[in-house]
Amino acid sequence: MSDIQVVRQHLIDPEICIRCNTCEATCPVAAITHDARNYVVDADKCNACMACISPCPTGSIDNWRTMPRARAYGIGEQLGWDELPAELTPEQLAAAGVAAGAEPPPPAAVSLPAAASGEAAFNSAQYGATVPPWSAAHAYTNLYGAKAARTIAATVTGNVRVTEVGREAGHDYDTHHIVLDFGALPFPVLEGQSIGIVPPGVDAAGRAHHARQYSVASARNGERPGYNNLSLTIKRVLEDHQGNPVRGVASNYMCDLQVGDKVEVIGPFGSSFLMPNHPRSNIVMICTGTGSAPMRAMTEWRRRLRKSGKFEGGKLMLFFGARTREELPYFGPLQNLPRDFIDINMVFSRTPGQPRRYVQDAMRERAADLAALLADPDTYFYVCGLKSMEEGVVLALRDVAQQAGLSWETLGADLRREGRLHLETY
Ligand SMILES: Cc1cc2nc3c(=O)[nH]c(=O)nc-3n(C[C@H](O)[C@H](O)[C@H](O)COP(=O)(O)OP(=O)(O)OC[C@H]3O[C@@H](n4cnc5c(N)ncnc54)[C@H](O)[C@@H]3O)c2cc1C
Ligand code: SF4
Ligand code: SF4
């Protein structure tokens, strides 16, 4: 009998993965990592806890291979893949010394970081829900995918800039509102879902560009009601996260499109960052920059419902941050929404002559209202935008709750379990 150790190795399919980072943000033991090309799983760290499986929008995360432990695919090997390797055959396993029928050991006990207790170990991602609100509508996902090269062609029917023209502190901030029409082809989406854009051409290594994800910015019945179209809010990426000049492939491709151009789309993606549909449900939206896209979609759907006179909505509260007023997408249209419909809190971190203010500062100032909403089981929280905002926002929610005498340990767990706190940062 062989004593070769066998593992069920967790792998990510590079042909389907859209590099959205959700799995890496979710994994409690930091087993997932990535480079410019691939997302990969470290076999030495993954304990098969399955926390990353349902949040993955494409299903590319759910791949497993039986391997002799000594032959498990290393990180470097996985980063070089264009496609997944096949399962080893019984003959290959036998040749590696694995006895027929050998079973991988059960996964190690799931260990979460000691998060909730200490400030140093605060892990905001652990409070993000992976289930939708109980009253969310059914979301269709993965109707079109990259692997089968089954994309859907959409036609650009609008492309306008939604930030003011200008430069601030050496940064460009060119954000576009782009409308895509699907004609007679079915492409149902809900507010909070995203789609994948497949840019034409190949990367520096000669491989087809991978898809980039963009949040839907329009309501479920179309950017224009009754039309089979949707809108996106896309910021032209002209510098990387370190401030070095780059020219982002997909964002520049999209912002340069002309009306009438065709775009290859995959998706839709996302089945948890969805809005509640029941009457008197409250929505608190916290966003920066293009994180406003899903908030615009939810607000617009609630506005249409209110106009119909057939739906009694709850409170809508928005915290919206940008560096300057000029940089805030949809600044003008936001001003026109009635104050008894939505409670808008805009925050700017680089207004000349003013102290720097971030969304979490505004949240703390509105602590009394937020505490009441946190305590209300019909309130749903949505956070979208820069990755750097996520921890500060969840910490602000925690502090507001604790100052109001609420137990964050209980509330944080409830928010996650009941699909009441949704985090989408990139
Ligand atoms: C769930 C989800 C929803 C998203 N929704 C939106 C949306 O509604 N609107 C939107 O504009 N973007 C959105 N994004 C980001 C988007 O998918 C792309 O990552 C972004 O447009 C950059 O792609 P690119 O091809 O232009 O840049 P790439 O060619 O992929 O990257 C070029 C360089 O820029 C860096 N970089 C990548 N993204 C950014 C960024 N946002 N800011 C600064 N540097 C960056 C990269 O690290 C790289 O060094 C979303 C991402 C996710 C995961
Ligand atoms: S299964 Fe668990 S440990 Fe493994 S990569 Fe996914 S989240 Fe991490
Ligand atoms: S598509 Fe799935 S596997 Fe790929 S980065 Fe996103 S969550 Fe991870």
Side-chain angles (χ1 to χ4, degrees), residues 4-53 55-93 95-98 104 107 142 145-151 196-213 237 240-242 244 246-253 264 266-267 269 387 426:
I4 296 280
Q5 203 191 344
V6 185
V7 290
R8 194 80 183 130
Q9 185 171 6
H10 186 188
L11 299 170
I12 292 174
D13 187 339
E15 286 184 280
I16 310 179
C17 172
I18 52 171
R19 285 76 179 166
C20 69
N21 201 57
T22 307
C23 53
E24 192 172 322
T26 308
C27 178
V29 295
I32 298 177
T33 183
H34 71 276
D35 67 1
R37 178 76 196 173
N38 280 355
Y39 274 73
V40 299
V41 186
D42 186 337
D44 291 331
K45 292 186 183 163
C46 175
N47 59 20
C49 73
M50 309 304 265
C52 59
I53 304 299
C56 169
T58 59
S60 46
I61 192 95
D62 200 7
N63 288 281
W64 307 82
R65 297 283 185 273
T66 300
M67 299 292 295
R69 173 162 274 292
R71 290 256 315 264
Y73 302 109
I75 294 281
E77 209 173 350
Q78 295 176 50
L79 289 171
W81 286 346
D82 285 334
E83 59 184 45
L84 279 178
E87 275 277 17
L88 295 184
T89 62
E91 294 72 29
Q92 287 170 318
L93 285 169
V98 177
N142 289 298
K147 187 156 189 177
R150 204 170 72 94
T151 56
I197 296 291
V198 187
V202 293
D203 64 17
R207 296 180 287 201
H209 287 302
H210 66 77
R212 268 65 161 189
Q213 226 176 331
V237 171
D240 66 16
H241 294 292
Q242 288 72 43
N244 306 310
V246 291
R247 198 167 169 83
V249 172
S251 58
N252 283 280
Y253 161 67
E264 295 299 313
I266 59 172
F269 302 119
K387 182 133 263 13
Y426 44 86

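Below, all heavy atoms of this structure are taken into account, side chains as well, without hydrogens, waters or symmetry copies.
- Residues satisfying the side-chain contact (heavy atoms from CB on, under 4.5 Å) test with Tyr426, not counting sequence neighbours, are Thr290, Cys384.
- Residues Pro200 and His209 share a closest heavy-atom pair of O-CD2, 3.2 Å.
- Val237 places a side-chain heavy atom less than 4.5 Å from the side chain of Val246.
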Check: residues 34-41 side-chain donor-acceptor pairs under 3.5 Å, at least two apart:
| unit_1 | atom_1 | unit_2 | atom_2 | d |
| --- | --- | --- | --- | --- |
| His34 | ND1 | Glu24 | OE1 | 2.6 |
| Asp35 | OD1 | Arg37 | N | 2.7 |
| Asp35 | OD1 | Asn38 | N | 2.8 |
| Arg37 | NH1 | Asp203 | OD2 | 2.7 |
| Asn38 | OD1 | Arg19 | NH2 | 2.9 |
| Asn38 | ND2 | Gln78 | O | 3.1 |
| Asn38 | ND2 | Leu79 | O | 3.2 |
| Asn38 | ND2 | Trp81 | O | 2.8 |
| Tyr39 | OH | Asn21 | OD1 | 2.9 |

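- Here the shortest heavy-atom pairing between Asn47 and Val29 reads ND2-CG1, 4.0 Å.
- Listed for the Arg65 side chain is a donor-acceptor partner under 3.5 Å among the backbone atoms of Pro85.
- Between the side chain of Asp240 and the backbone N or O of Gly248 there is no donor-acceptor pair closer than 3.5 Å.
- The shortest distance between side-chain heavy atoms of Thr66 and Val6 falls below 4.5 Å.
- Listed by first and then second residue, the ring pair (Phe, Tyr, Trp, His ring centres under 6.0 Å) pairs that reach into residues 4-27 are His10-Trp64, sequence neighbours excluded.
- Taking 4.5 Å as the limit, every side-chain heavy atom of Cys27 sits out of range of all side-chain heavy atoms of Lys45.
- Of the inter-residue distances, the one linking Leu11 atom CG with Asn63 atom CG reads 7.0 Å to the nearest 0.5 angstrom.
- In this structure, Ile32 and Ile61 have side chains that are in contact, with non-hydrogen atoms separated by less than 4.5 Å.
- The distance from atom CD1 of Ile75 to atom CG of Asp44, rounded to the nearest 0.5 Å, is 8.5 Å.
- Arg69 places no side-chain N or O within 3.5 Å of a backbone atom of Met67 that could act as its donor or acceptor partner.
- Contacts of Glu264 classified as side-chain contact (heavy atoms from CB on, under 4.5 Å), with partners at least two apart in sequence or in another chain: Thr151, Ala153, Val198.
- Considering only heavy atoms from C-beta on, Arg212 comes within 4.5 Å of Pro199 through its side chain.
- When all heavy atoms are compared, the tightest approach of Ala96 to Pro68 is CB-CG, 3.7 Å.
- The nearest pair of heavy atoms linking Cys17 to Ser60 is CA-OG, 3.3 Å.
- The side chain to side chain donor-acceptor pair (under 3.5 Å) test applied to Tyr73 returns no partner, not counting sequence neighbours.
- Evaluation of the salt bridge (charged side-chain N to carboxylate O under 4.0 Å, His left out) test over residues 75-92, restricted to residues two or more places apart or in two chains, returns Arg8-Glu87, Asp82-Arg207.
- Remark: Lys387 engages Thr425 in a side chain to side chain donor-acceptor pair (under 3.5 Å) (not counting sequence neighbours).
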Going through the distances and angles, do Ile266 and Ile18 end up as a side chain to side chain contact (heavy atoms under 4.5 Å, CB included)?
-> CA-CA 10 Å; Ile266 59 172; Ile18 52 171; 3.8 Å; yes
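- By the side-chain contact (heavy atoms from CB on, under 4.5 Å) test, Pro55 pairs with Thr22, Thr26, Thr130, sequence neighbours left out.
- Of all heavy-atom pairs spanning Asn142 and Thr58, the tightest one is OD1-CA, 3.6 Å.
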